[in-house]
Amino acid sequence: GTKAAINDGQDLIKRAIIEAKLQRAGDDRVTEDSGEAVQTAGPYKHLMNGVSFMLPFVVAGGLMIALAFALGGIHAGDTENAGTLAYALSMIGGSGGFALMVPVLAGYISFSIADRPGLAPGMIGGLIAAEIGSGFLGGIVAGFFAGYLVRWLNRTIKLPRNLEGLKPVLILPLLGTAIVGLIMIYVVGEPVSLILKGLESWLRGMQGASALVLGAVIGGMMAVDMGGPVNKAAYATSVALISTGVYEPMAAVMAAGMVPPLAAALATRVFKGKFTKDEYEAAPATAVLGLAFISEGAIPYAARDPLRVIPSFIAGAAVTGAISMVVGSQLHAPHGGIFVLFIPGAITHVGGYLIALIAGTLVSACLLGVFKKRVEIVS
């Protein structure tokens with residue numbers, strides 16, 4: 001807080017000096033001179049940092065493309081439509097938002113590892129990865145490689161104290177960018193590109209049992225922690241696949257993510273005796289959150305009785321994801337929930353998609369009714 005500093009700044013400074021503790025030798029701390037980052041986080045934390053910075057670009061770009069579809073149809077971005085508003089929106093979303101996805105992902109993975117000096121090498125490495133066809137996998141490789149390389153260079157290169165300030169703004173970004181760029185072009189790019197193409201082919205060729213299993217897995221993941229790391233892992237992977245032209249997982253993930261809040265809201269009406277008065281009254285708002293693809297709306301219900309509620313949510317979300325993948329629904333917008341159905345061309349196989357959503361919601365709601373214990377009946 002700022003109150004103590006405003007009322008008596010001198011006293012606060014004196015107290016800070018008295019309470020200060022000498023840090024251990026070798027502690028990793030962020031310093032403006034060296035640009036070295038705190039290294040307490042693991043690889044997953046660095047990856048999620050990149051994903052969190054990438055998502056606004058994905059959402060903005062995806063919704064721009066969805067608006068372009070609404071105005072000009074599924075072919076709004078084709079060159080014959082140049083000059084139209086739909087074409088302009090498609091360019092903003094595709095050549096703008098989506099084009100920045102991989103560079104931002106790589107740049108902020110590297111930033112999380114090596115602080116400011118790692119940003120340029122990571123982002124440029126990610127841009128190269130996108131240009132040479134290695135996509136988001138190449139971007140992840142570039143981000144981690146750039147971050148750990150710059151961190152190592154920062155610790156290894158020793159300069160006179162009066163030149164130390166050049167490291168974070170000149171030497172580390174220059175050396176890091178050169179090494180990362182060359183490695184991505186001559187070493188990493190082609191193998192990762194082949195892996196990504198193999199992944200794309202496998203996902204595009206999936207049907208029947210394999211599509212059902214993948215849909216069930218990623219659908220169930222969306223309901224495990226509703227906005228937590230498992231949920232974000234499934235969502236981030238599906239979002240990244242949009243940049244490669246694979247849209248089926250995104251449809252499965254978004255439908256499954258709507259299931260927990262919708263199921264909770266429905267169950268409060270069908271099985272009144274299993275829910276408290278507060279849960280019953282919160283149901284309409286929970287339903288709206290579910291329709292908007294905000295899974296966190298179901299957290300209060302899960303927190304009150306996690307051992308019964310969360311498995312019920314997972315089962316229904318898995319059913320929804322499986323059906324969505326089997327019917328082959330594709331979703332071109334990374335967010336928006338049920339409201340993307342009103343945008344022409346944003347989602348394919350709409351009938352099957354709605355069946356998937358309804359089926360999963362009914363499964364979870366029924367399981368909640370079966371497994372939850374009775375509470376005071378709501379009148």
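Here the structure is a predicted model, which means the values were calculated and not measured.
Here the CD1-CG distance, from I140 to L105, works out to 5.5 Å after rounding to the nearest 0.5 Å. For the atom pair CD1 (I338) and CE (M258), the distance works out to 5.0 Å, reported to the nearest 0.5 Å. Here F313 contributes atom CZ and Y301 contributes atom OH; the two are 8.5 Å apart, rounded to the nearest 0.5 Å. Rounded to the nearest 0.5 Å, atoms CD1 (I157) and CG (L159) are 7.0 Å apart. From L291, atom CG reaches atom CG of L357 across 8.0 Å, with rounding to the nearest 0.5 Å. With rounding to the nearest 0.5 Å, the separation of CD1 in I218 from OH in Y235 is 13.0 Å.
V309 is listed as a side-chain neighbour of L368, based on a closest heavy-atom distance under 4.5 Å. The side-chain heavy atoms of Q330 and Y353, taken from C-beta on, include no pair separated by under 4.5 Å. Here the side chains of L12 and R15 are in contact, with some heavy-atom distance below 4.5 Å.
V246 and L214 fall within a single hydrophobic cluster, where Ile, Leu, Val, Met, Phe, Trp and Tyr are joined by side-chain heavy atoms under 4.5 Å apart, directly or via other members. The cluster map of Ile, Leu, Val, Met, Phe, Trp and Tyr, joined by side-chain heavy atoms under 4.5 Å apart, puts L127 and L100 in different clusters. Linking ILVMFWY residues whenever their side-chain heavy atoms come closer than 4.5 Å, directly or via other members, places V187 and L149 in the same cluster. A chain of hydrophobic side-chain contacts below 4.5 Å, direct or via other Ile, Leu, Val, Met, Phe, Trp or Tyr residues, connects L341 to F293.
Under the 4.5 angstrom side-chain criterion for Ile, Leu, Val, Met, Phe, Trp and Tyr, the cluster partners of V327 are V319, I323, V363, L367, V370, F371.
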Show the numbers, then the answer: is there a side-chain contact (heavy atoms from CB on, under 4.5 Å) between L362 and I358? CA-CA 6 Å; L362 290 174; I358 294 169; 3.9 Å; yes

Yes or no on side-chain contact (heavy atoms from CB on, under 4.5 Å) for I113 and Y148, after CA distance, side-chain angles and deciding distance? CA-CA 7 Å; I113 298 168; Y148 287 117; 3.7 Å; yes

Could you give me the CA-CA distance, side-chain angles and deciding distance for T286 and E279, then say whether side-chain contact (heavy atoms from CB on, under 4.5 Å) is met? CA-CA 9 Å; T286 302; E279 289 174 326; over 6 Å; no

Run the side-chain contact (heavy atoms from CB on, under 4.5 Å) test on T348 and Y247 for me, step by step, so that the C-alpha distance in whole Å, both residues' side-chain angles and the decisive distance to 0.1 Å come before the verdict. CA-CA 10 Å; T348 63; Y247 301 102; over 6 Å; no

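Here the side chain of K167 pairs no donor or acceptor atom with the backbone of L153 at under 3.5 angstrom. In this structure, S238 contributes its side chain and V253 its backbone to no donor-acceptor pair below 3.5 Å. Remark: the backbone N or O of D278 is not paired with any side-chain donor or acceptor of E281 at under 3.5 angstrom. With hydrogens and angles disregarded, no donor-acceptor distance shorter than 3.5 Å links the side chain of Y280 to the backbone of F275. Side-chain atoms of N49 come within 3.5 Å of backbone N or O of Y108 as a donor-acceptor pair. The closest donor-acceptor contact from the side chain of S112 to the backbone of I109 lies at 3.5 Å or more, if one exists at all. S329 contributes a side-chain N or O that, together with a main-chain N or O of H349, makes up a donor-acceptor pair within less than 3.5 Å. Judged purely by atom type and a 3.5 angstrom limit, S110 has no side-chain atom pairing as donor or acceptor with the backbone of A106. Under the 3.5 Å distance criterion, the side-chain polar atoms of S324 are left unmatched by any main-chain donor or acceptor of T320. At least one donor-acceptor pair under 3.5 Å links the side chain of K274 to the backbone N or O of K372.
Shortest non-hydrogen contact noted between S364 and A317 is OG-N, 4.2 Å. Here the closest non-hydrogen pair linking V340 and M254 is CG2-CE, 3.7 Å. Across P249 and M325, no two heavy atoms sit closer than the pair N-SD, 3.9 Å. Of all heavy-atom pairs spanning A130 and V102, the tightest one is CB-CB, 4.3 Å. Across all their heavy atoms, G321 and A256 have their closest contact at N-CB, 4.5 Å. A pairwise comparison of heavy atoms in I128 and G181 identifies CD1-CA, 3.7 Å as the closest pair.
Residue E19 qualifies as enclosed at atom CD: its count of foreign heavy atoms under 6.0 Å is above 12.
Within the structure, side-chain hydrogen bond (donor to acceptor under 3.5 Å, both in side chains) contacts touching residues 307-318 (residues at least two apart or in different chains) are D305-R308.
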